[in-house]
2 protein chains.
Amino acid sequence: MSGGVTKGVRVTAHDVAKRAGVSQSAVSRVFTPGTSVSPLMAEKVQKAADELGYRPNVLARSLITGRSRIIGLLVSYLENQFYPEALARLSKAFQAKGYRILVFMVSRDEGETDRVVQDLLDYQVDGIVAASVGLSDDVALKCTRSGVPAVLFNRGQGHPDLCEVTSDNRGGARQVADLFVTSGRERIAHISGWSGSSTARERAEGFKERLAERGTCLFAEACGDFTRDGAVGAARRLFNVPRGERPDAVFVANDHMAFAVMDVLRFELKLQIPDEVSVVGYDDVPMAGWPSYNLTTVSQSLDDMVLATVNQLLARIKKEELPATHERLAGRLIRRGSA
Amino acid sequence: MSGGVTKGVRVTAHDVAKRAGVSQSAVSRVFTPGTSVSPLMAEKVQKAADELGYRPNVLARSLITGRSRIIGLLVSYLENQFYPEALARLSKAFQAKGYRILVFMVSRDEGETDRVVQDLLDYQVDGIVAASVGLSDDVALKCTRSGVPAVLFNRGQGHPDLCEVTSDNRGGARQVADLFVTSGRERIAHISGWSGSSTARERAEGFKERLAERGTCLFAEACGDFTRDGAVGAARRLFNVPRGERPDAVFVANDHMAFAVMDVLRFELKLQIPDEVSVVGYDDVPMAGWPSYNLTTVSQSLDDMVLATVNQLLARIKKEELPATHERLAGRLIRRGSA
DNA sequence: ATCTTATTTGCATACGTATGCAAACGATGT
DNA sequence: ACATCGTTTGCATACGTATGCAAATAAGAT
């Protein structure tokens, strides 16, 4: 169509075929692993392709094969260091398997999530990873009907069609309870995450559960909503009170909030950590190991979670019939200076 | 082909057309904005489409239109809070314009970057954003020849075909020099970024330049490579020396390294900040405002950079002939407690 | 009622690739 | 020499959609 334009010209398999004096199918076969071509043919085609700078059009290929080799990733909370880490490793892991990642940022609004998943399906993604994002039943059904497997990363909702990869939030939280009780803390508080997330609920439940088993109970509780601002507010509500009513230990539902809490305790309320109050987080993000925070926390082994996610998803992409699994990886208490 | 499988069945425009008793073209028009269809037709088609759960196949559409509405994003350094922030905002901004982001993680290895860009081109992306990543001349040429515009985000390399959006690194660094000199610091050091990046070089040059203009010069310098470990090493080399040879001010080439430097100074060397040594960073990531660091730094106005990037890229996607521009946004010194 | 003009619709084809099928080819054995 | 078998190649078609073109229809003007 374009007459003299020198850029923007797409060179197709037909062009290569013409130049090499072979058929378009031959070109296709040379660029499709697992097909049989004679060495001579391969050489001729490669030469012509190199001269023209030909590369197969992945979109056209996807149209036929029905596989785009694209994985959709839903993510929010990127300000929490855990998720950039997860994103980086998921991306690398999928890249290594020949898949690419299409990223969608979503807020906590469920309506938005639904629209975004619909978008992903429109792009014919081969699978979906929802990192810390819930999927409505409606949209989950759409996915399975389209034959697109999905796995929830670090979030569970007990849906039978959805894979889940989480850490053993209850178990992790129980270890924190044990730590506090054993070290003699008496006014034990909890700053919880967003109540709409299973992760937040499980951590809170496991914590209280174990406190009860050890013969004590929660002294105070506030919701931090998994945001920094929320955590700052919660910390003030719990600790900006007369000395006697002040907790002497607090389990914060994730590291991101724990940093905020520590900042409030140290710089606003001038409290000594861990002498006057112990702080424990959850996730073990890299920053937790930095000396400024030196935060005791429960480690989610990110590598294992990523591995499980990738394996599950790719397995279900290969064999649609595979049942959805729920993997729950053990967490490990990392003792540092804050408790 | 498939006989009784209930999932994985793709419903196409033909199916909708058949059910609605119209032609496939009609269906296409109903789902293509800007085409003319009668209200009656629109209603019939919508009804059939809803009943079948039809959604247009974006890949097939792209094949025809030649536009995938996908933007390729190259990113590294996700452990530096600046980039998740940038990623989030770029993603949101492009989403708002109807584009999606295909993310590729790359290391600093140039060979890998080239392969990855080739991958992006294979996916027929409409444009490329390289965040803090350099593009070889070879691969830049390939992009322009394919008609795919690229913009370098927070990195410049003076290539005539590539857009660049950076902050005025020289100017920002000069402000830091002024701050140190004016506040009477006498042994002024610099911890630089990776020397392969223009950002690192410009910050170092601007800093030294201004020091010279103010009649002084650099007391010591070390390379931190833009990594935390690198910065830790650099801080030790510069500061783990007899008291008299110790710098009393240090400009660290970005915030991410500055946090590491502060940790070493405070917790390993027991130095008081800012009394014994001033520390200034660059970027103004959110963490810089947290009381634990309270870091004086140069703000890159991320929103403006993102806006410029999106505008430039979309403009060049619309009109291929537009010349590549180099935007250089002013930075602002944010005075906090560390200097 | 007829002619003109504007609008809506269907037909056919194109986008760039993969793949079943049959023809052509080469090698091997007798 | 021929028959047999395995390999390589080209032909034709399909994937799901957009779009130029012409036919059909509706609307408006005289």
Side-chain angles (χ1 to χ4, degrees), chain A residues 1-2 8-46 48-49 52-70 121-126 146-147, chain B residues 1-2 8-46 48-49 52-70 121-126 146-147:
Chain A
M1 207 158 285
S2 51
V9 280
R10 305 211 178 287
V11 26
T12 76
H14 287 98
D15 303 328
V16 177
K18 196 181 299 172
R19 174 176 259 262
V22 300
S23 74
Q24 177 265 321
S25 350
V27 177
S28 168
R29 276 188 264 261
V30 171
F31 282 89
T32 308
T35 55
S36 77
V37 279
S38 69
L40 175 65
M41 167 72 73
E43 193 194 358
K44 272 195 301 186
V45 171
Q46 273 296 352
L52 295 176
Y54 168 76
R55 305 240 63 205
N57 181 330
V58 179
L59 264 41
R61 175 176 285 179
S62 303
L63 189 53
I64 296 205
T65 62
R67 302 234 158 278
S68 61
R69 301 193 79 80
I70 295 180
L121 295 178
D122 292 352
Y123 271 97
Q124 312 294 116
V125 295
D126 290 345
S146 311
Chain B
M1 206 159 284
S2 51
V9 280
R10 306 209 177 289
V11 26
T12 77
H14 286 100
D15 302 330
V16 177
K18 196 181 301 171
R19 175 177 259 261
V22 301
S23 75
Q24 176 265 320
S25 349
V27 177
S28 169
R29 278 189 262 263
V30 170
F31 281 89
T32 307
T35 55
S36 76
V37 280
S38 70
L40 175 64
M41 168 72 75
E43 192 194 359
K44 271 195 304 186
V45 171
Q46 273 296 354
L52 294 176
Y54 168 76
R55 304 241 62 206
N57 181 332
V58 178
L59 263 41
R61 175 177 286 179
S62 304
L63 189 54
I64 297 203
T65 62
R67 303 231 157 280
S68 61
R69 300 193 81 79
I70 295 180
L121 295 178
D122 292 352
Y123 271 97
Q124 310 296 113
V125 296
D126 290 346
S146 312

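Just so it is clear: chains get the letters A, B, ... in the order the sequence lines come, proteins before strands, and each one is counted from 1.
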> Val27(A) versus Thr12(A): any side-chain heavy-atom pair under 4.5 Å?
Replying inline: no
> Between Pro39(B) and Ala13(A), which has a closest nucleotide on DNA chain C that is more 5'?
Replying inline: Pro39(B)
> Reckon Ser28(A) touches a base, only the sugar-phosphate, or nothing at all at heavy-atom distances under 4.0 Å?
Replying inline: base
>> Measure CD/Gln24(B) against C1'/dG20(D) and give the value in whole Å, please.
In response: 14 Å
>> Rounding to an integer number of Å, can you tell me how far Asp15(B) CG sits from dG16(D) P?
In response: 8 Å
>> Applying a 4.0 Å non-hydrogen cut-off, can you work out what Thr12(A) is touching in the nucleic acid: base, sugar-phosphate, or nothing?
In response: sugar-phosphate
> Among the nucleotides dA14(C), dG20(D), dT19(C), which one has an atom lying closest to any side-chain atom of Ile64(B)?
Replying inline: dA14(C)
> Which one of Val11(A), Val45(A), Leu52(A) satisfies the side-chain contact (heavy atoms from CB on, under 4.5 Å) criterion with Arg19(A)?
Replying inline: Leu52(A)
>> Heavy atoms only, 4.0 Å cut-off, all strands: where does Arg55(B) land among base, sugar-phosphate and nothing?
In response: sugar-phosphate
> If you check every side-chain atom of Arg29(B), which of dG16(C), dT19(D), dG20(C) has the closest atom?
Replying inline: dT19(D)
> Does the side chain of Val58(B) come within less than 4.5 Å of Gln124(A)'s, by heavy atoms?
Replying inline: no
>> Taking the minimum atom-to-atom distance to the side chain of Ser38(A), which one of dT9(C), dT8(D), dT17(D) wins?
In response: dT8(D)
> Between Asn57(A) (CG) and dT17(D) (C1'), how many Å, whole number?
Replying inline: 14 Å
> dT9(D), dG16(D), dG10(D): which one has an atom nearest the side-chain heavy atoms of Arg10(B)?
Replying inline: dG16(D)
>> Measure CG/Leu40(A) against P/dC25(C) and give the value in whole Å, please.
In response: 15 Å
> Which sits closer to the 5' end of DNA chain D, Ser36(A) or Thr65(B), going by the nucleotide each is nearest to?
Replying inline: Ser36(A)
> Looking at the side chain of Ser23(A), which of dT17(D), dC11(C), dG10(D) is the nearest nucleotide?
Replying inline: dG10(D)
> Hey, does Val27(B) reach any base, or is it just sugar-phosphate, or nothing, if we go heavy atoms under 4.0 Å?
Replying inline: nothing
> Nearest of dG10(D), dT17(D), dG16(C) to any side-chain atom of Ala60(A)?
Replying inline: dG16(C)
>> Does any part of the side chain of Lys44(A), heavy atoms only, come nearer than 4.5 Å to the side chain of Val22(A), both counted from C-beta?
In response: yes
>> Rounded to whole Å, please give me the gap between OH in Tyr123(A) and P in dT17(D).
In response: 14 Å
>> Using whole Å, what does the distance between atom P of nucleotide dG16(D) and atom CZ of Arg61(A) come to?
In response: 18 Å
> Is there side-chain contact between Arg10(B) and Tyr54(B), with at least one heavy-atom pair below 4.5 Å?
Replying inline: no
>> Rounding to an integer number of Å, can you tell me how far His14(B) NE2 sits from dA14(D) C1'?
In response: 11 Å
> Rounded to whole angstrom units, what separation is found between the CE atom of Met41(B) and the P atom of dT25(D)?
Replying inline: 13 Å
